Amino acid sequence: MAMLTTANKVGERELLSDTIARIDPDETPIYSAAQKRTTTGIFAEFLVQELASAANNNHRNEGASLTDTGVTALTRLGNHHQISTRGFIISGSVEAVDKAGVDSEIAYQTVLAGLDLRKDMETSIGNVDQARSGSDPRKAASLTSWITNGSVGGGSGAFSSGNGTDTVTGGTDRALTLALVDAAMQAAWTDGGNPRLLVASGTNRANISDLTQSGTNLVTNQATTTARAPVTFNGAVSILFNDFGQLEVVPSRFMGNDRVFLIDPDHVAVGALTGRNFVEQEETGTADATKRQVLCEWTLMPDAPKAHAMVLDLNGS
């Protein structure tokens, strides 16, 4: 009698893991660092107050009459909301069968759609040069349409107007240097900002570590420990110090090698329209299937654009 073994048995269920690992990146450093606000209209407005320049000779005679030194008016800025979605269609059979790893394919795909949507928003904020637009489909002005501190490449390179109405003009590419980062940090600090987050692509994140190890512009701190410890070398830089503060260096998988952002988290927000913040919507009448999408109607709100800085037109080296 022939023995039944795994070699000749048919119909065996595949050995699938009940734990499904999500290997796609879902880290969104700019979106995550931004404040979250609820908005009530498709054009979100915000006010910016700048202080008057300091006077060198502010001294008056005793008993002198009041002097009108003028007022510094508020600046009114605004950005359009854009509608971003991620959708899917699941057949009735897929939802009904016994599945490995998930109880409901619809619920699982809804979670994934939300993660993908957040990545799309991160890309729209930091890796797209987009001016605001009220035409259908509406578009929110991206980060590069607001920032005017830092530097752009030579030649035709030029910042935008800084109010979201136009885009930056690309210039000649150049290598990333610590001097460019320091100058950008100083420019934002001079205008009252305190950038604490440096967001860069993986390539530029590694470039920053290489620059700080090259010997130039490098200050080392040495400490003596009482207990014996193995000698270690850390080749990565997670905090970058300069004369105007410190920056947490964060890599982004959704940013090109041509840009680096210095962000003050106190002065940037993402606003979402009331009732439209990562909502699930289902389309009815789709026969034997479930048709669903996750939607967010959102906008970028940098309520003090001069508090941030950027270095553009980098060549990735």
Side-chain angles (χ1 to χ4, degrees), residues 22-34 115-116 118-130 142-160 167-188 195-220 232-242 244-265 268 300 308-317:
R22 295 195 301 268
I23 61 173
D24 288 339
D26 59 6
E27 296 89 345
T28 52
I30 301 178
Y31 174 83
S32 299
L115 293 174
D116 288 338
R118 191 173 66 173
K119 293 188 295 185
D120 293 344
M121 293 166 66
E122 177 81 5
T123 303
S124 295
I125 292 169
N127 200 45
V128 174
D129 301 325
Q130 173 66 53
S142 62
L143 203 52
T144 57
S145 291
W146 299 96
I147 298 177
T148 56
N149 280 326
S151 66
V152 292
S156 59
F159 287 110
S160 69
T167 58
V168 67
T169 302
T172 304
D173 288 349
R174 64 272 173 82
L176 176 65
T177 65
L178 289 181
L180 288 173
V181 175
D182 290 345
M185 183 77 164
Q186 181 177 357
R196 302 191 299 277
L197 193 67
L198 188 153
V199 184
S201 67
T203 295
N204 283 325
R205 171 69 176 80
N207 287 340
I208 290 172
S209 293
D210 290 341
L211 289 170
T212 56
Q213 295 168 37
S214 66
T216 11
N217 300 319
L218 177 64
V219 177
T220 58
T232 60
F233 175 74
N234 183 1
V237 173
S238 57
I239 300 292
L240 186 63
F241 290 90
N242 63 25
F244 302 96
Q246 68 181 52
L247 293 161
E248 180 184 358
V249 184
V250 179
S252 172
R253 292 182 172 92
F254 312 111
M255 185 178 296
N257 296 330
D258 63 333
R259 61 194 60 204
V260 166
F261 288 109
L262 287 71
I263 296 173
D264 185 341
V268 64
L300 179 65
H308 317 287
M310 62 185 178
V311 180
L312 297 185
D313 301 316
L314 299 173
N315 60 17
S317 64

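For the numbers below, each heavy atom of this structure counts, side chains included, while hydrogens, waters and symmetry mates do not. Computed from a predicted model, the values in this text were never measured in an experiment.
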[atom1] of [X] to [atom2] of [Y]: how many Å apart, nearest 0.5 Å?
X    : Y    : atom1 : atom2 : result
L143 : R259 : CG    : CZ    : 9.0 Å
E248 : I239 : CD    : CD1   : 5.0 Å
I208 : L178 : CD1   : CG    : 7.5 Å

Kindly indicate whether the side chain of [X], heavy atoms from C-beta on, has any atom under 4.5 Å from the side chain of [Y].
X    : Y    : result
T177 : D182 : no
V181 : L240 : yes
N204 : L314 : yes
M255 : V199 : yes
M310 : T144 : yes
F241 : L247 : no
L312 : V168 : yes
N257 : N315 : no

Judged by atom type as modelled, is there a donor-acceptor pair below 3.5 Å linking the side chain of [X] to the main-chain atoms of [Y]?
X    : Y    : result
S142 : Q130 : yes
S317 : L176 : no
D264 : H308 : no
S160 : S145 : yes
D258 : D313 : no

Q: For the pair F254 and T123, evaluate side-chain contact (heavy atoms from CB on, under 4.5 Å) and give the outcome as yes or no after the intermediate values.
A: CA-CA 6 Å; F254 312 111; T123 303; 3.6 Å; yes
Q) Closest heavy-atom contact between P29 and P251? A) CG-O, 4.1 Å
Q: Can you see which heavy atom on G150 is nearest to which on A184, and at what distance?
A: CA-CB, 3.8 Å
Q: I would like to know whether S151 and R174 meet side chain to side chain donor-acceptor pair (under 3.5 Å); could you show each step before the answer?
A: CA-CA 11 Å; S151 66; R174 64 272 173 82; 2.8 Å; yes
Q: Could you walk me through whether E27 and R253 pass salt bridge (Lys or Arg N to Asp or Glu O under 4.0 Å), step by step?
A: CA-CA 8 Å; E27 296 89 345; R253 292 182 172 92; 2.6 Å; yes
Q: Determine whether the side chains of S201 and R205 contain a donor N or O and an acceptor N or O closer than 3.5 Å.
A: no
Q. Stepwise, does the side-chain contact (heavy atoms from CB on, under 4.5 Å) test hold for V152 with T169?
A. CA-CA 8 Å; V152 292; T169 302; over 6 Å; no
**Q.** Test ring-ring contact (aromatic ring centres under 6.0 Å, His included) applied to F244 - qualifying residues, sequence neighbours left out
**A.** W189
Q. What residue among I147, L198, I125 forms side chain to side chain contact (heavy atoms under 4.5 Å, CB included) with F261?
A. I147
